[in-house]
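Here the structure is laid out as structure tokens; the discussion comes afterwards.
One-based numbering along the sequence shown. This structure is a prediction, so every number in the text was calculated from the model and none was measured.
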Amino acid sequence: MYEEEEEKLNQLKDQLDSYPLPLSEADQVIREGMERAKRETQQVRKRRKRVFSSIAVVALLLLTFVTSIRVSPAFANAVASIPGMEKFVELIAMDKGLDAAIQNDYYQEIGASQTVGDLTLTVDGVIMDESGMNVFYTIDSESSLERIRIKSVNLSMEGGMPEGSVSYGSPQEESENIRKYTDRIDFHFAELYTSENRSFDLEVETLLSGERAEFSVPFTLPEKIKSSDVYTLNQQVEIDSQKFTVETVTISPLRVGVKIVLDPDNPMKILGFEDMRLEDEKGEVWSSIRNGTSAFGEVDGRSQTYFLQSNYFSQPKKLYLRMNKVQAVKQEEAIAEINTETGEWFNQPSDQKIKLLEWDKYHVKLKMPSEAEDAVHHDLFSTITDAAGKEVNNPSTGMYTTEGFDYWDYSFSPTEYQNPLKLELSAYPNYLEGDVKVELK
């Protein structure tokens, strides 16, 4: 079901790429695309663990078509038939795990709300397990919600929340008639949540027409959360002579976490697993998370947990973890360097696909050919440090695709740093292939 929708999107993208676009219109859609990308926000509670996002960059004109074709009628009808869930159809599409959680009555209705001025925020419902929490919420207003922004979100509880990350979108409604906005906030826990406490407080800060509104909505889950299934494997495997160990596979209702430890003696640095998936004896596949956080990485860079769509509510007789393709670069080419004063561009991978277009102390702009299957529609870098080893924040990244090229615009804060900047690659179109099949049961 999901692979078919994705193929339709790819076909539509190819058609759109073939259409000529006047420069004046191109400038406008580029600006809109960058703003849309910047509104996709991810925050980390603590910096001990790196977090990687799977926010994909789609062809600019394709953005207007996504919501019209990505939900199959059967899926939409199944979810919309559940009382109160019809408005969330778009928010759980393309994820077989969330689909299964809804159909197995694992969505908990909440209905808690708070009104600030003429804005009302309602926590409609929650899906929670030991790996995290998805909060479905609605903002209503008596006046227009045009260009409302979500500035920050937080989830708190007595004794403090576990370490982790949060993924959420910030809308830009263009119609003056919009009076209701519905979305989803995803909280991801770095460690399994085993507390019996089911009382939380959702804190959301919004900005509308220059006016800030701060919400604090307490709620309690009416039912206990389900325990995760943990498979301890500690099995060493390899792809094209690059070794790594599959330590554990943790299957929860929201997602599957696959903990991988890379061999420090590998001549190449593995940046990502392109087709990591669960597969049962019938060949049914549960693939990577399409939206939100796709992986947690430890500070040492060797240990990472990758997230897949969940098969928690399925009961296969056999279950395998499979992968055939990884992104990788030479260890010595894994950290690129840019001097934002001179425009010098050091140590990028030897094929030099990345081109530096603009630079100053506030930002750099890069481009790379969008090469069909080899295109990288993700953030290129995970961490940025200066010559003295001080971390340089990257408050926003604009990403877009046009006329056969992918573009990235990175901003820097603070601007007082020592050149050159060191940018650690987290994605690059260089691939290794093999065949890994690990039996879970």
Is a side-chain donor-acceptor pair under 3.5 Å present for Asp183 with Tyr181? yes
CZ of Phe187 to OG of Ser165: how many Å apart, nearest 0.5 Å? 10.0 Å
Compute whether any side-chain donor of one residue and acceptor of the other, for Asp406 and Thr401, lie under 3.5 angstrom apart. yes
Distance-only, no hydrogens or angles: does the Asn324 side chain make a donor-acceptor pair with backbone N or O of Asp275 under 3.5 Å? no
Can you confirm whether Lys330 is buried at NZ, in the sense that more than 12 heavy atoms of other residues, nucleotides or ligands lie under 6.0 Å from that atom? no
Look at the side chain of Lys441 and the backbone N and O of Pro316, then say whether any donor-acceptor pair between them is shorter than 3.5 Å. yes
Are a donor atom and an acceptor atom from the side chains of Ser156 and Asp201 found within less than 3.5 Å of each other? no
Can any side-chain N or O of Tyr417 pair as donor or acceptor with the backbone N or O of Ala388 at less than 3.5 Å? no
Sidechain-backbone polar pair: Ser426 side chain, Leu380 backbone, donor-acceptor under 3.5 Å: yes
Before accepting this row, confirm whether a basic side-chain N of the pair Glu205/Lys151 lies closer than 4.0 Å to the acidic partner's carboxylate O. no
Within a reach of under 6.0 Å around CZ of Phe346, are more than 12 heavy atoms found that belong to other residues, nucleotides or ligands? yes
Is Lys318 atom NZ crowded by more than 12 heavy atoms from other residues, nucleotides or ligands, each under 6.0 Å away? no
With a 3.5 Å cut-off and no angle check, do the side chains of Thr245 and Glu247 form a donor-acceptor pair? no
Do other residues, nucleotides or ligands put more than 12 heavy atoms under 6.0 Å from the CD atom of Glu211? no
If you take the centroid of each ring, where Trp contributes its six-membered ring, are Phe381 and Tyr428 closer together than 6.0 Å? no
Determine, step by step, whether Tyr168 and Tyr137 satisfy the ring-ring contact (aromatic ring centres under 6.0 Å, His included) criterion, reporting the C-alpha distance in whole Å, the side-chain angles of both residues, the deciding distance to 0.1 Å, and the verdict. CA-CA 11 Å; Tyr168 60 95; Tyr137 72 97; 9.0 Å; no
Where does the angle between the aromatic ring planes of Phe200 and Tyr193 fall among parallel (under 30°), tilted (30 to 60°) and perpendicular (over 60°)? tilted
Dump the intermediate steps for salt bridge (charged side-chain N to carboxylate O under 4.0 Å, His left out) on Lys325 and Glu274, then the final yes or no. CA-CA 5 Å; Lys325 187 176 182 181; Glu274 293 296 290; 5.7 Å; no
Between Asn266 and Lys243 (side chain of the first, backbone of the second, donor and acceptor by atom type, cut-off under 3.5 Å), is there such a pair? yes
Would Asp435 and Lys437 pass as an ion pair if we require N to O under 4.0 Å? no
Would you kindly say whether Gln304 and Tyr306 are connected by a side-chain donor-acceptor distance under 3.5 Å? yes
Between atom OG of Ser252 and atom CD1 of Ile225, what is the distance when rounded to the nearest 0.5 Å? 8.5 Å
Determine yes or no for a side-chain-to-main-chain donor-acceptor pair under 3.5 angstrom, with Thr248 supplying the side chain and Thr250 the backbone. no
Pair Arg302 + Asp263, salt bridge at N-O below 4.0 Å: no
Is a salt bridge present between Glu279 and Arg277, judged by a nitrogen-to-oxygen distance below 4.0 Å? yes
Donor-acceptor pair, distance only, cut-off 3.5 Å: does the side chain of Ser216 make one with the backbone of Glu203? no
Of the options Leu121, Val123, Thr182, which is the one that meets Thr138 in a side chain to side chain contact (heavy atoms under 4.5 Å, CB included)? Thr182
Is there a donor-acceptor contact under 3.5 Å from the side chain of Glu341 to the main chain of Asn339? no
Taking the six-membered ring for Trp and the full ring for Phe, Tyr or His, determine whether the centres of Tyr106 and Tyr312 are under 6.0 Å apart. no
Given 3.5 Å as the limit, does a donor-acceptor pair link the side chain of Asp129 with the main chain of Gly132, or not? yes
Using distance alone, with no hydrogens and no angle criterion, decide if Ser310 and Arg255 have a side-chain donor and acceptor under 3.5 Å apart. no
Would you say the side chains of Asn393 and Ser413 form a donor-acceptor pair under 3.5 Å? no
Should Lys226 and Glu130 count as an ion pair when the cut-off is N to O under 4.0 Å? no
Indicate, with yes or no, if the rings of Tyr362 and Phe412 have centres closer together than 6.0 Å. no
Salt bridge flag under 4.0 Å for residues Glu332 and Lys269: no
Between the main-chain N or O of Gly389 and the side-chain N or O of Asp386, is there a donor-acceptor pair closer than 3.5 Å? yes
